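The structure presented is a predicted model; accordingly, all values stated were derived computationally and were not measured.
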Amino acid sequence: MSATAESPSPHRTYTERRASAQADLAALDRVSARYANLRTLAFLVAAVTAGLIFAGRLPKVWWWAAAGAVFVYGVLAVLHHQVFRREARAKLYVLLNERGLARLGRGWHEFTERGERFLSPGHLFTPDLDVFGQGSLFQLMNETATRAGEERLASWLSAPAPAAEVEARQGAARELAPRVDFRQDLCVDSRVVAKEKAEPGLFIRWAEAGPSLDSIRWARPVAVVLPLVTLTVYVLEKLGILPDGAVWAGLAAQLAVALITRRALRAMDEAVEVGERGFVRYAPLFERVEGQRFEHPLLRKLQVGLQQSGKKPVSAHFKRFSRLYSFVEFKRHQFHPVIHWLTLWDVHALFALERWRAEHGKDVRNWFEGLAELEALSCVAGLAHDRPDFAWPVLETQGPRVEAVALGHPLLDAPVPNDVSLPGPAHALLITGSNMSGKTTLMRALGTNVVLALAGAPVCAKSFRLSPLQVLTSMRVKDSLERGVSYFYAEVQRIKAVLDASQAAKGQALFLLDEILLGTNTRERQIASREVLRLLLGTGAIGAVTTHDLSLAVLSDEPGAHVVNVHFRDHLEDGKMVFDYRLRQGVVDTTNALRVLRLAGVPVDDPEAPAH
């Protein structure tokens, strides 16, 4: 996938869209300034006219002119507010395209949404592969505007999906990638819903809670009949058919109903008020999705969930809820107590909401889950759009297997590509090399791309084939003073977790181990490392291990072994170490630990160096 004349480069797309949004914003600023001036003029006309009337300089008939100026000020204020809203949207479009440009360089490292709340030290791979946190996959990809969308993207990056699901996400994301208009419109609509991440969870809980007014179900027909009876009595009283004061019996009965139902109505009112916050403003998001024409089955399935054949679209249900809730909101009006007494207003309003919940409450969660999935797919599509040189992985049914051509680390600006082949069960790479030569980076590149691939995203490679895998890592082990765990024991616990997970996955796993068992002496480390590698390969898993213990290279000579020795190296140029980060076959034959110390200013001697 490359940029062509028909498919402009990401940089050009974002630059042009930012310029267009900035032009819109400048025009709106000019309109806003005119409205501000007109509002000031209308205010001054009203104030001066009123002042002259009070001073006796103008007759009282001029109050009509002052009132007209106040009315004009009100109309201008409403129109000015609409301009403010359009300005806010234009600013969001400018921001989105600036973020798009930032993702094309290193500017994305400044994004504040890093997904740190999803970090889990005990997770099998996310802490080691920079999935969350500063400089992470999540920080690069996340362009969600709701907490549900954020959580859906995080879940995709935290656990591999089945092959069919991966392929469905790929297809949907490929369709969404060039639809920058739709993706940005969806994001802006979502951000307008709330300045912070919107959370529909409270509303979902209210919608799924079930009936709240069963204890006063009798009040519904009473609220319809009793005010009509009271009104009829009042009319008959005025006609002289009934004695004066008869209407008070009906009003007393309505007051009794209002008092008896007050507790249940208040509980229902408080529950829906907590859950409603921001909910009704979601209607434009769903309307935006409903108006699209999708081709991929996954996108059409998500859309069908929001607009079922023969039924009203979800946005219509949202609007109906908004209308019903506005009746409940009447409680804030100063005349509400009197109106409720005369009509039993709250009974009608809250039972109408109860009926809405009975009809649609079971569907609300699916509505928001569909929106969250669409947001996550848009993030995957955004990565595909911004990285046109990334390849779409090919899923294999037989595994475990990973084969990559020109594999690079997706979080680096200019990664050095290397080929990696783990073609079948019990295959492993034993990676040796000098310090800082690229051993760990290669493993992280491999693991991170597998995470992307099994989330349904494109990967940093020329081609990439793999089977569904559980990624298992031991790379950033830390001790814990609080738990009283030493570094060595923390390493042992991590390796045990990796081994258990590999067995549970029945060998359908990719293990990545970086300098394991450093917390013990050389002899025991060599013995234990060999046994750990044998145990992992015994489950059928594939993987890679970095090491400075060259004695482990003998594993490649064992009968039936599929361990391949590969290495990185460095060389000196003008007294400085130079790395090319190219993977080579065989075991490294040079080291650089003493040179690194000397270059850092540590005066160490090599006792084995020849005397001068």
Any luck finding a side-chain donor-acceptor pair between [X] and [Y] under 3.5 Å?
X: Thr539; Y: Ser502; answer: yes
X: Thr146; Y: Glu375; answer: yes
X: Thr126; Y: His123; answer: yes

Between [X] and [Y], is any pair of side-chain heavy atoms under 4.5 Å apart?
X: Leu96; Y: Cys187; value: yes
X: Leu140; Y: Asp386; value: no
X: Lys301; Y: Gln303; value: no
X: Leu469; Y: Ser467; value: yes
X: Trp108; Y: Leu411; value: yes
X: Pro160; Y: Val471; value: no

Using a 6.0 Å cut-off, check whether atom CD of Gln134 has over 12 heavy atoms from anything other than its own residue.
yes
If you count heavy atoms of other groups shown closer than 6.0 angstrom to CZ of Arg85, is the number above 12?
no
Show your reasoning for whether side-chain contact (heavy atoms from CB on, under 4.5 Å) applies to Leu119 and Val131.
CA-CA 8 Å; Leu119 281 171; Val131 176; over 6 Å; no
Who passes side-chain contact (heavy atoms from CB on, under 4.5 Å) against Glu165, sequence neighbours left out?
Ala161, Pro162, Arg169
Is there a donor-acceptor contact under 3.5 Å from the side chain of [X] to the main chain of [Y]?
X: Glu175; Y: Glu295; answer: yes
X: Ser437; Y: Gly433; answer: no
X: His385; Y: Leu383; answer: no
X: Glu373; Y: Glu369; answer: no
X: Asn142; Y: Phe138; answer: no

Please step through salt bridge (Lys or Arg N to Asp or Glu O under 4.0 Å) for the pair Arg106 and Asp413, ending with a clear verdict.
CA-CA 7 Å; Arg106 290 191 57 82; Asp413 294 334; 3.5 Å; yes
Going through the checks in order, is the side chain to side chain donor-acceptor pair (under 3.5 Å) test met by Asp130 and Ser136?
CA-CA 5 Å; Asp130 298 310; Ser136 64; over 6 Å; no
Would you call [X]-[Y] a salt bridge at under 4.0 Å N-O?
X: Asp181; Y: Arg17; result: yes
X: Arg117; Y: Glu151; result: yes
X: Glu16; Y: Arg12; result: yes
X: Glu396; Y: Arg401; result: yes
X: Asp189; Y: Arg89; result: yes
X: Glu143; Y: Arg103; result: yes

Test log, rule salt bridge (Lys or Arg N to Asp or Glu O under 4.0 Å), inputs Arg99 and Glu113:
CA-CA 12 Å; Arg99 286 172 61 90; Glu113 306 90 349; 3.5 Å; yes
Quick one: is the NZ or CZ of Arg18 closer than 6.0 Å to the six-membered ring centre of Tyr93, and within 45° of its axis?
no
Starting from the C-alpha separation in whole Å, work towards a yes-or-no answer on salt bridge (Lys or Arg N to Asp or Glu O under 4.0 Å) for Arg494 and Glu491.
CA-CA 5 Å; Arg494 182 69 178 190; Glu491 241 192 326; over 6 Å; no
What class does the angle between the rings of Phe286 and Phe368 fall in, given that below 30° is parallel, 30 to 60° is tilted and above 60° is perpendicular?
perpendicular
Between Lys91 and Glu98, is the salt bridge (Lys or Arg N to Asp or Glu O under 4.0 Å) condition met? List the steps.
CA-CA 11 Å; Lys91 289 176 181 177; Glu98 287 178 343; over 6 Å; no
Atom pairs and distances, side-chain donor-acceptor, residues 579-587, under 3.5 Å, sequence neighbours left out:
| from | atom 1 | to | atom 2 | distance (Å) |
| --- | --- | --- | --- | --- |
| Asp580 | OD1 | Arg582 | N | 3.0 |
| Asp580 | OD1 | Arg584 | NH1 | 3.3 |
| Asp580 | OD2 | Arg584 | NH1 | 3.4 |
| Asp580 | OD2 | Arg584 | NH2 | 2.5 |
| Arg582 | NH1 | Pro417 | O | 3.0 |
| Arg584 | NH1 | Arg582 | O | 3.2 |

Given Leu466, Val564, Leu446, the one that forms side-chain contact (heavy atoms from CB on, under 4.5 Å) with Leu422:
Leu446
